[in-house]
J.: 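Pasting a structure below so you can have a look.
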Amino acid sequence: MLQLKSINLKKEKMTTLIVPVCKDKDIHDNSDVSKLVTSAKKVKEFKGRANQELIFYNPPGVKVKKVVFLGIGKLKEIDPETLRSISGKAVKKCIKWKLSDVLFAVPAAQKVKLKMTDVLGAMMEGAFLANYIFDRYKKEKKDKKLTRLKFLVKPDTAKKQRRLPARIRKICSGTLMAREWVSTPSNDKRPGQFARSISAAAKKAKLKVSVITESQMKKKKMGSLLSVSAGSTSSARMMILEHNPRGAKKTIVLAGKGVTFDSGGINLKPGSGLDTMKMDMGGAASVAAALITAANLKLKTKIIGILPLVENMPSGSATRPGDIVKSLSGKTIEIGNTDAEGRLILIDAITYALKQYKPDTIIDMATLTGACVVALGEKIAGVFSSDDKLAKSIVESGEKTHERCWHMPLPDDYKPLLKSDLADINNVSSARWGGAITAALFLKEFTEDTQWAHIDIAGPAYTKKAEDYCPPGGTGFGVRLLCDWLEKQ
Ligand code: BES
Ligand code: ZN
Ligand code: ZN
């Protein structure tokens with residue numbers, strides 16, 4: 001639970017106080033905290049450099065049992081992300097120390113040259129996101145989450161920012177929800193199970209939920225989507241989540257790739273790293289969580305979430321390379337590679353959304369290509385759009401939430417690489433290079449004239465290594481970004 005506190009450290013007892021310390025400036029405006037920082041800096045080895053740590057037990061003048069000073073580096077290095085990281089690191093330490101409760105000394109906004117909402121918001125985000133443990137599959141639950149995350153601020157700040165804790169909790173709970181879905185193993189999130197889990201969470205947030213079953217998809221002729229699930233013993237689903245506030249002017253569609261396991265199909269992937277392909281539904285997880293969060297935040301825009309959920313498996317009934325399938329749009333597709341399945345499910349979802357909702361804008365989020373990870377690494381997503389303004393607004397939201405995106409090119413003259421001699425289009429490029437771009441160009445062919453952007457999150461949706469405010473597993477990348485973007489509409 002996030003709480004703002006304006007307490008007197010001289011009088012009120014506290015177990016643990018976390019104090020971020022800047023190397024070249026006192027960034028606090030609470031005189032008790034500033035005094036503590038001055039005495040900490042008298043300790044020779046402690047300079048306030050990034051990653052330095054110093055602990056005082058029962059220091060004189062305040063009633064705090066343990067004061068933890070965490071170096072944050074030079075003033076010019078302080079931005080919302082360093083604040084998220086520092087509070088995230090602090091929470092991780094407190095969990096290890098088996099604490100239940102912690103108080104953060106919040107730097108003064110004007111001293112770090114930021115807005116108070118940004119300073120406090122970032123500290124709360126880092127703390128809330130780090131206070132998360134995925135131990136559902138452990139018999140022995142070693143660590144426990146903290147029950148209270150408190151932030152020390154002046155009384156007028158507490159008053160002005162009184163709505164911020166609930167807002168940060170709603171947004172970050174969305175991220176945690178997406179993490180939980182992504183980290184869940186594929187044997188517990190086959191399309192039907194995953195759909196039920198999303199449905200339960202969405203209904204709680206009062207979203208309208210509908211589910212298209214595989215037999216309904218056959219009637220509607222979603223041949224492209226169905227070709228991906230043909231090899232699996234689990235049947236596919238397409239979920240639609242609707243946030244429909246009264247008086248909304250615009251309609252936004254968010255589509256998310258939901259491949260609950262991507263074996264590659266008949267073009268079976270090599271063994272190494274195959275286990276991480278449980279994360280191939282990261283786009284669907286982030287879109288579902290963003291819709292739930294949008295509903296909780298009572299956003300004013302009409303938002304439709306479209307989630308094609310399938311499992312991509314090889315078997316006697318699986319689609320073969322060379323097969324030709326007919327998409328919902330009527331266009332035929334030659335399957336050059338059964339491992340390029342994400343685009344096949346997304347285009348039927350996009351066509352359905354265009355027909356059904358005539359949206360102003362459509363954004364899809366997908367763990368679409370390994371090529372995007374080659375291009376941008378594991379922390380940065382690729383944004384593809386023929387609308388530069390739309391791409392820019394997405395990149396800006398990502399800067400704000402530190403879910404970084406890079407605007408990638410979408411050149412028309414790469415389109416012939418998707419030519420098929422026998423069908424209208426091939427699902428893979430005839431060239432070896434530029435796979436993230438040709439995947440995006442494939443999607444573009446099905447967006448008609450609607451304003452559209454595609455976010456390839458193959459890199460950042462999952463992490464094998466623990467980060468400052470994210471344990472190994474699903475990262476929930478994109479939820480906070482989408483919420484920020486939706487709020488701007
Ligand atoms: N799910 C993968 C993309 C992926 C790769 C996600 C690494 C996360 C980490 C996607 O379905 C895929 O297999 N893409 C192929 C496309 C190729 C066959 C044209 C790829 O990127 O190799
Ligand atoms: Zn694949
Ligand atoms: Zn995939």
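Numbering of residues begins at 1 and proceeds along the displayed sequence. Whatever order the structure lists them in is the order used to number ligands and atoms, beginning at 1.
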J.: Out of all atoms in ligand 1, which are within 4.0 Å of some heavy atom of M279? Include the element for each.
T.: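 By the 4.0 Å cutoff, the relevant atoms are 8 (C).
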
J.: Looking only at distance, does T369 have an N or O less than 3.5 Å from an N or O of ligand 1?
T.: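 Among all N and O atoms of T369, none is under 3.5 Å from an N or O of ligand 1.
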
J.: Return yes if a side-chain donor-acceptor contact under 3.5 Å exists between R480 and S397, otherwise no.
T.: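 No, S397 and R480 have no side-chain donor paired with an acceptor closer than 3.5 Å.
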
J.: In terms of atom number and element, which parts of ligand 1 are under 4.0 angstrom from non-hydrogen atoms of K269?
T.: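 Here the atoms of ligand 1 in question are 2 (C), 12 (C), 13 (O).
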
J.: Around atom 10 (C) of ligand 1, find the nearest protein heavy atom and jot down its residue, atom name and distance.
T.: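 Ranked first by proximity to atom 10 (C) of ligand 1 is L368 O, 3.2 Å.
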
J.: Look at atom 2 (C) of ligand 1 and say which protein heavy atom is nearest, naming residue and atom and giving the distance to 0.1 Å.
T.: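 Going by distance alone, atom 2 (C) of ligand 1 is nearest to D262 OD2, 3.5 Å.
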
J.: With no hydrogens and no angle check, just 3.5 Å: does a side-chain donor-acceptor pair link K278 and N187?
T.: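 Side-chain D/A pair, K278 to N187: absent.
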
J.: Atoms of ligand 1 less than 4.0 Å from K257 heavy atoms?
T.: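 By the 4.0 Å cutoff, the relevant atoms are 1 (N), 10 (C), 11 (O).
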
J.: List in chain and number order the residues that pass side-chain contact (heavy atoms from CB on, under 4.5 Å) with T293, two or more places apart in sequence or in another chain; answer none if no residue qualifies.
T.: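 Scan of T293 (side-chain contact (heavy atoms from CB on, under 4.5 Å), adjacent residues dropped) gives I171, L297, V479, C483.
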
J.: Can you run down the salt bridge (Lys or Arg N to Asp or Glu O under 4.0 Å) pairs that involve residues 378-394, sequence neighbours left out, and say none if there aren't any?
T.: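 Every pair satisfying salt bridge (Lys or Arg N to Asp or Glu O under 4.0 Å) with a residue in residues 378-394: K379-E467, K392-E396.
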
J.: Relative to the Zn ion (ligand 2), how many protein N, O or S atoms have a separation of less than 2.8 Å?
T.: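 Protein N, O or S neighbours of the Zn ion (ligand 2) under 2.8 Å, waters not counted, come to 4.
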
J.: Is it the case that the side chains of Q489 and T301 hold a donor-acceptor pair, with the cut-off being a distance below 3.5 Å and no angle test?
T.: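 No, Q489 and T301 have no side-chain donor paired with an acceptor closer than 3.5 Å.
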
J.: At a 4.0 Å threshold, what atoms of ligand 1 neighbour a non-hydrogen atom of V428?
T.: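 Counting from 1, the qualifying ligand atoms are 19 (C).
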
J.: Does the distance from a Lys or Arg side-chain N to an Asp or Glu carboxylate O, for K93 and E53, drop under 4.0 Å?
T.: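 Yes, K93 and E53 are salt-bridged.
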
J.: Among protein heavy atoms, which lies nearest atom 21 (O) of ligand 1, and at what distance?
T.: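 That would be G370 N, 2.6 Å.
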
J.: Heavy-atom contacts with E341 under 4.0 Å: which atoms of ligand 1 show up? List them by number with element.
T.: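 Answer, ordered by atom number: 11 (O).
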
J.: With a 4.0 Å cut-off on N to O distance, would you call D143 and K96 a salt bridge?
T.: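 Salt bridge flag = no for K96 with D143.
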
J.: Between R84 and E81, does any NZ, NE, NH1 or NH2 come within less than 4.0 Å of an OD or OE carboxylate oxygen?
T.: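 Between R84 and E81 there is a salt bridge, with a charged N closer than 4.0 Å to a carboxylate O.
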
J.: Which residue pairs pass the side-chain hydrogen bond (donor to acceptor under 3.5 Å, both in side chains) test when at least one of the two sits in residues 418-427, sequence neighbours left out?
T.: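 Sorted result for residues 418-427: T332-D424, E334-S420.
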
J.: Run the ring-centre check on F446 versus F442 and record whether the distance is less than 6.0 Å.
T.: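 Yes.
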
J.: Just checking, any donor-acceptor pair under 3.5 angstrom between side chains of W452 and S385?
T.: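 The answer is no; no qualifying pair exists.
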
J.: Where is the nearest protein heavy atom to atom 12 (C) of ligand 1: which residue, which atom, and how far?
T.: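 I find the closest protein heavy atom is D339 O, 3.2 Å.
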
J.: For ligand 1, which is the ligand I care about here, please tell me if N337 has any N or O atom under 3.5 Å from one of the ligand's N or O atoms.
T.: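 For ligand 1, there is no N or O atom that lies under 3.5 Å from one belonging to N337.
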
J.: Taking both backbone and side-chain atoms into account, decide whether K257 has an N/O/S atom under 2.8 Å from the Zn ion (ligand 3).
T.: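 Yes, within the cut-off.
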
J.: If the threshold is 4.0 Å, N to carboxylate O, is there a salt bridge linking K400 and D484?
T.: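 Looking at K400 and D484, the cut-off is met.
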
J.: Return the residue, atom name and 0.1 Å-rounded distance of the protein heavy atom closest to atom 9 (C) of ligand 1.
T.: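 Among all protein heavy atoms, the one nearest atom 9 (C) of ligand 1 is M277 CE, 3.5 Å.
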
J.: In the protein, which heavy atom is nearest to atom 16 (C) of ligand 1, and how far is it?
T.: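 Of the protein heavy atoms, R343 NH2, 3.9 Å lies nearest.
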
J.: Please step through salt bridge (charged side-chain N to carboxylate O under 4.0 Å, His left out) for the pair E214 and R237, ending with a clear verdict.
T.: CA-CA 6 Å; E214 208 169 271; R237 301 283 190 284; over 6 Å; no

